[in-house]
Amino acid sequence: MLRNYFKIAIAVLRRKKFFTFISLFGISFTLTIVIIVAAFVDNMFSAGYPDINRDRELFVSRMQIRSSTNASSINAGPSYYFIDHYVSRLKTPAKIAILSGNFPVTTYLNNKKQVTSVRSTNDQFWEVLQFQFVEGKPYTKQQIDNGEKVVVISEAVRSNYFNEGVAAVGKYIELLNMQYRVTGVVKNLPSASNVYADIFTPLTLTQEDMHEPSLVGGHTCILLLDSKANIPKMKEEFNQMAAKVPMDDKKIDNKIFDRKLVFADTFLESFVRDFHAGFTEGAGAGVDIFILIVSIFFLLFLLLPTLNLVNINISRIMDRYSEIGVRKAFGASSRTLVYQFIVENLILTFIGGAIGVGLSFIIVQVINSMDFMYNNRISVNFHVLSFALLASLVFGLLSGVYPAWRMSRMNVVMALKAQ
Amino acid sequence: MIRLQNIEKVYRTSAIETLALNSISLDIAKGEFLSVMGPSGCGKSTLLNIMGLLDAPTKGDIKIDEQRTDHFSDKQLAQFRNRKLGFVFQSYHLINDLKVLDNVELPLLYRTSSGNERKKLASAALEKVGLSNRVKHFPSQLSGGQKQRVAIARAIVGRPEIILADEPTGNLDSAMGSEIMDILLQLNATDNTTIIMVTHDEYMASKTHRLVRLFDGVLVQ
């Protein structure tokens, strides 16, 4: 049966070459866009260098303190004090990476001015994140505790500051008017990385007063767990801890902030929380709603080419009245015919999808070779291809069902009379 | 084999009502070859469509092989047509995108049969109509007579008990028409297939067992 459907689908495609071209162009163009967008999204959300353990990490990246008496709130990363006094005492995490926000710093070497982005980190940062050291090694806990002025730099910084082929480890760069010794050089990070920076310094060198007992600061911590299965347990422990953290009823600008919201989120939850820049008062972070909204946008995006394809399919079907009449006369039920035309449409869509995948591979190569997203390499990988397959399926079904249903309702006698 | 009782068919539009068949009662025995004649527009094809369950009567009962069919669902009707009935149309209604063999296989697609079995049966049906050498041709590569023979092969491939032929020789010259008629007569004689044929040709009708005439939707003979 399927072989017969396939034969007729191919024959119909070959018979109406112009319609076929329009259909395939629409399908492949739409799916190319879908695949490229999916490749970007995959690049953003999938684990990748250096954050390769993302599936067993939780992120504490936002702390909100609120006033019960009015709508005021302060929304920022948690303070080092909060992380050090409360988060670091949790039992479930295997490692805890602490990192400051990414801030631009003007640096000098040989009177050469460069603006680079800098982060301060703790020692476990280098264990949670899997950096590839092309030279040297990370700074140690002891160096941090001793307040040593040491840095880890990226390959890009090395090539900007030192001559090609010259080792940077042991050499000094100027940062905030102080000399810092390079302990290691890491492979460049993609600009979309959640821990992106050009230079990493020990936390003890930040400008923030690390011992001020405030909840809101500018840090993020990443809790690395032994396994993904520990995520619910970790969240529960975190929430219990957070509930016990006392508020000091801080008064800022005559407003009393007496409530706090802080969560340990998965990467996606953390992204969604940042995305709507607010707090849903629950651990879910509004991920369900976010996915729903994205799905609706996705369907709306597919709707226009789908309607176009529906029209083309109806025109194609009008050419096949006689065939429909014959099939019905010889034993095809309406349901069988719906099935046949949907299968035919899926064949068309998958051919368009295959062209779309081919085009996407070419476009991805061009995007990567242009490097306009600084070290971000998108790819049409298994996830993206699966998504493309799903999109083709949705597209094929959406555009095939209505014409197929309409055709199946056709009166046999009328269909046979039509030539 | 087929019993029609007080069959009435009315076509309605917003403006007019047309009575296409008026109180038709007819019994057709198993193995009978019946021809239906009458002027254009008298309701011959409508009657054939009703007997073939392609159209429903407005009033009256139809029984095929002792079974009433008025309560059948779309799926049941499809299965019944597939098992019991075969159709031959004046304008062949072959699917131009499929080869001869695939066209003949068509009724078997709606049964549970393997690809090999379908091929075997379709080849046998084509052999019966003398077209074994045209299996890989497309309909556009055949003459009118050959097309009608393919249509007959398609009608008989599922071994139906009844064949309904709507002017099967209408588009053919007399020599070709006679060839097609011979095939139908042979099917009727050797396989005991019941055949109901609508025709305008008195000579063809004279070769069948019985002739009924329609005039303005009424059986006159």
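What you see below is based on every heavy atom in this structure, not just the backbone, and it leaves out hydrogens, waters and symmetry mates. First the proteins, then the strands, lettered A, B, ... as listed; each starts at 1.
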query: Highest number of heavy-atom pairs under 4.5 Å with chain A: which of B:N82, B:L106, B:D97?
result: B:D97

task: State the CG-NZ distance between B:D74 and A:K328, to the nearest 0.5 angstrom.
output: 6.0 Å

- prompt: Contact part of B:E105 toward chain A, heavy-atom cut-off under 4.5 Å: side chain, backbone, both or neither?
  reply: side chain

- prompt: Who wins among B:R154, B:R83, B:Q79 for the most heavy-atom pairs under 4.5 Å with chain A?
  reply: B:R154

field: Spatial distance of atom NZ (A:K417) from atom OG (B:S45) [nearest 0.5 Å]
entry: 7.5 Å

- line: To the nearest 0.5 Å, atom CG of B:N96 lies from atom OG of A:S322 at 8.0 Å

message: Does any backbone or side-chain atom of B:L54 lie under 4.5 Å from a heavy atom of chain A? Answer side chain, backbone, both or neither.
response: both

- request: Taking all non-hydrogen atoms of both residues into account, name the closest pair between A:S333 and B:K75 and its distance.
  value: CB-CA, 4.2 Å

statement: So CG of B:L109 and CZ of A:F330: to nearest 0.5 Å the spacing works out to 12.0 Å

query: Roughly how far, to the nearest 0.5 Å, is CD of A:E323 from CG of B:N103?
result: 9.0 Å

message: Given heavy-atom pairs under 4.5 angstrom as the criterion, report whether the side chain, backbone, both or neither of A:R327 touches chain B.
response: both

field: Segment of B:F80 engaging chain A (4.5 angstrom heavy-atom cut-off)
entry: neither

